[in-house]
Amino acid sequence: MAPDRTFTLRPGPTLARPFLDGLNDAQRRAVLLDAPRLLILAGAGTGKTRTLTARVARLVAEGVPPDRILLCTFTRRAAAMMVGRLQDLLGAPAQAIRAGTFHGLAYRALTAAGIRPTLLDQDDQETLMERARTRAGAELPATCAGLLGLHSAAINQGQSLAEVILARTPEWARHEPGIEAVLAAYQAEKRKLGLFDYDDLLLGWRALLAEDRPDPFRLEHVLVDEYQDTNPLQIELAEALARGRTLSVVGDDAQSIFGFRGARFDQILDFPRRARTEVVSLTINYRSDPAVLALANHSIAQNPMQFPKVLVSERRSRLRPAVIPAKDAAMEAQFVAQRALELVGEGVPLAGQAVLFRAHTHATALELELTRRGVPYVVRAGLRLFEQAHVRDLLAHLRVVADPGDRLAWSRVLRLVPGVGSRTQAALDASLASAPDPGAVVPAWPDRPEAKGRARSGLLGLIQTLGPWLQHRPDPRTVLTTLLGPDDPLGLVAHVLAQGDGGRRHKELLTLSALVEPGQDLSAFVAELMLDQEVGGQGAQGEAPIDRLTLTTVHQAKGLEWRAVFVIGLAEGAFPSRNALLEPGGEAEERRLFYVAVTRAIEQLYLSHPSTRTAGPETLLVPPSRFLSELPAELYERWALEA
């Protein structure tokens, strides 16, 4: 029977998928593969971040609500960068993606469950640990920082205190009962004050996931970046989050270098063994010259336990890496300083160069030489921004406004008030401890009998500024603008400017204003700052970049790149570290650290080693690092230095 009408079918419009533009075949497979569990092995410089963000963009483009996606990164900066890229691809919906560090996401999960943690920073933790030690009356060889390290390692490694002591400090084994008592007192002190340290955030999140309650995030997809740097507690959280959902992890076993922080190298190797897993390897390197990669590939191949892979460069070879023996650290420094200046003349600015070392002490001679020659440089090693006193002082003021019951933050604020001594502080702290509403007690402080003379005057000034905020909490930008403004009501800016390098410190404080997100409330802002590990290198908003040579430890160089890289101090006992070689798996991790150092170089790589070192009045011969000795001669040029 003939049809009454013929309808011609035409192909519909192809769904635009800009997130696939420019990806190679392996990257596309990692983006498009549907699998309950996926491991993306992303070698150095292989476009890991681009691939991970493209996978998230693909999920959203296919209809997954952005707020059902959790993206866990190693740093807050990495999360912000990925969300920024996703905004370019997706627009406004990218803001709904739940992205952050394990600790930041744990804070959000606890807050969503009705728990708003008041956080302790490292300084606060040591204060409480000192109180706990006094209360327990234990005579221990460990510092407060050492005790906190043992406590945190036991939690994150899922081990008993005895196991951690045996592995880290066996000489303390006989003090285990005393250490146990102090740690119990520390926990009790935190509970009494209603405070959380960073480990408590993860433990609290784990407890929420173990309860039979609705998931506040309502997740469908979980993605974890830098999986090789996770510890057992974080892995437990990732697996718990992924029950009934997809779990995609990205990492590179060859770049696992944070064993001292509790990261477990074997966890990424075990990931495919826990359940059926699709594995995609990214091996096309877009960063380094082939000659650099040839050296890196040969070095890392000496490690016995790994996912075998060979990085292939998309670039053309120009110069082979150079190995430079020097008589001593002073001659090594002379070479680096001179060659860095020569490279400037060859078109490589100082900002495109970096000097990497195993430990900051290895750069002492170099800093002296650069100073002598007037070569501008910046050292990335050292205190992070929030470990510095002037930033902690400002942050304490934000903390007391966000939570008037934060007694440790008040302690820091009161130390800056003229005339307020230890006795007055103790009385004011006692008034907070007994108050059902701390925000109502604080405005009455200037009228207390302990507040006399300068103390009363100082407290009046403090309350005049902070008092209204305790009743009606402002947004973070209002607080920062007031405290750092030209009127400087509490004298914070004047105090900073009166110190050495005050101008730089003031700029660092102004940096905080640039971190406020639109609509962010004060409590959330304070929590983000206290959880942040990376803000220190960002510089003040609007500050012009300076052409200067970067000096950095290899650990802090991870994820970065430069046109020319010098790796110094490549001598046995220094790199690899003598202490690291005593640890199980230490040599393999040190070789991975060398691999990370080498793969920071884009075009030129210089590997130098001093042949002698001084030990008191003696001069000792030092053999070159095994990581140099095991390299075939055809992979590098050998340079000789002559005076």
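All values derive from a computational prediction rather than experimental measurement. Throughout, numbering of the chain's residues begins at 1 and tracks the sequence.
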Is there a side-chain contact between [X] and [Y] (heavy atoms, below 4.5 Å)?
X: Arg320; Y: Leu635; answer: no
X: Leu71; Y: Leu52; answer: yes
X: Leu551; Y: Leu370; answer: yes
X: Arg315; Y: Ile602; answer: yes
X: Glu590; Y: Arg358; answer: yes
X: Thr73; Y: Met81; answer: no
X: Pro349; Y: Arg563; answer: yes
X: Leu223; Y: Val250; answer: no

Does the salt bridge (Lys or Arg N to Asp or Glu O under 4.0 Å) test come out yes or no for Glu589 and Arg592, once each step is laid out? CA-CA 5 Å; Glu589 176 149 333; Arg592 293 194 294 271; 3.5 Å; yes

Looking at [Y] and [X], is there a salt bridge between them, counting it only when a charged N and a carboxylate O are closer than 4.0 Å?
X: Asp252; Y: Lys48; answer: no
X: Glu346; Y: Arg339; answer: yes
X: Glu226; Y: Lys558; answer: yes

Show the nearest heavy-atom pair for residues [X] and [Y], with the distance to one decimal.
X: Val348; Y: Ala564; answer: CG1-CB, 4.5 Å
X: Asp229; Y: Ile257; answer: OD1-N, 4.1 Å
X: Glu369; Y: Ala337; answer: CG-CB, 3.8 Å
X: Tyr198; Y: Asp121; answer: OH-CA, 3.8 Å
X: Ala153; Y: Val164; answer: CB-CG1, 3.8 Å
X: Pro610; Y: Ala571; answer: O-CB, 4.1 Å

Roughly how far apart are [X] [atom1] and [Y] [atom2], rounded to 0.5 Å?
X: Glu130; Y: Leu147; atom1: CD; atom2: CG; result: 9.5 Å
X: Asn156; Y: His151; atom1: CG; atom2: NE2; result: 9.5 Å
X: Cys72; Y: Phe102; atom1: SG; atom2: CZ; result: 3.5 Å
X: Gln125; Y: Leu120; atom1: CD; atom2: CG; result: 6.0 Å
X: Phe594; Y: Thr599; atom1: CZ; atom2: OG1; result: 10.0 Å
X: Gln556; Y: Thr550; atom1: CD; atom2: OG1; result: 11.5 Å

Partner residues of Arg287 under the side chain to side chain donor-acceptor pair (under 3.5 Å) criterion, sequence neighbours left out: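 Arg287 satisfies side chain to side chain donor-acceptor pair (under 3.5 Å) with Glu561 once adjacent residues are dropped.
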
Does CG in Asp25 sit with more than 12 non-hydrogen atoms of other residues, nucleotides or ligands closer than 6.0 Å?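 Counting other residues, nucleotides and ligands, CG of Asp25 stays at 12 neighbours or fewer.
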
Glu618, CD: over 12 other non-hydrogen atoms inside 6.0 angstrom: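 Counting neighbours around CD of Glu618, 12 or fewer heavy atoms of other residues, nucleotides or ligands fall under 6.0 Å, so no.
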
Please answer whether the main-chain N or O of [Y] pairs with a side-chain N or O of [X] as donor and acceptor at a distance below 3.5 Å.
X: Glu583; Y: Asn579; result: no
X: Arg600; Y: Leu560; result: yes
X: Glu314; Y: Ile284; result: no
X: Arg591; Y: Arg626; result: no
X: Asn303; Y: Ile300; result: no
X: Thr371; Y: Glu367; result: yes
X: Thr612; Y: Thr619; result: no
X: His360; Y: Thr553; result: no
X: Gln27; Y: Thr46; result: yes
X: Tyr227; Y: Gln267; result: no

Evaluate side chain to side chain contact (heavy atoms under 4.5 Å, CB included) for Val312 paired with Leu293, printing each intermediate quantity in order. CA-CA 7 Å; Val312 179; Leu293 289 187; 5.9 Å; no

Within residues 561-589 or reaching into it, pairs that qualify as ring-ring contact (aromatic ring centres under 6.0 Å, His included) - sequence neighbours excluded: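 Counting only pairs at least two positions apart or across chains, the ring-ring contact (aromatic ring centres under 6.0 Å, His included) contacts touching residues 561-589 are Phe566-Tyr606.
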
Side chain to side chain contact (heavy atoms under 4.5 Å, CB included), that's the test. Do His103 and Arg76 meet it? Break it down for me. CA-CA 10 Å; His103 292 91; Arg76 182 173 177 260; over 6 Å; no

Yes or no on side chain to side chain contact (heavy atoms under 4.5 Å, CB included) for Leu233 and Ile155, after CA distance, side-chain angles and deciding distance? CA-CA 7 Å; Leu233 176 56; Ile155 291 171; 3.8 Å; yes

Please find out if less than 6.0 Å separates the ring center of Phe271 from that of Phe307.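 Between Phe271 and Phe307, the centre distance exceeds or equals 6.0 Å.
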
Worked verdict on Asp253 versus Lys309 for salt bridge (Lys or Arg N to Asp or Glu O under 4.0 Å): CA-CA 10 Å; Asp253 54 300; Lys309 55 184 171 296; 2.8 Å; yes

Give me the one residue out of Arg415, Arg412, His495, Gln388 that meets side-chain hydrogen bond (donor to acceptor under 3.5 Å, both in side chains) with Asp393.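 The option that passes is Arg412.
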
Table please: side-chain donor-acceptor pairs of residues 323-335 below 3.5 Å, with sequence neighbours left out.
residue, atom, partner, partner atom, Å
Asp328, OD1, Ala330, N, 3.2
Asp328, OD1, Met331, N, 2.9
Glu332, OE2, Gly569, N, 3.0
Glu332, OE2, Ser608, OG, 2.6

Applying side chain to side chain contact (heavy atoms under 4.5 Å, CB included) to Val596 and Leu356, what does each step give before you reach the verdict? CA-CA 10 Å; Val596 167; Leu356 277 56; over 6 Å; no

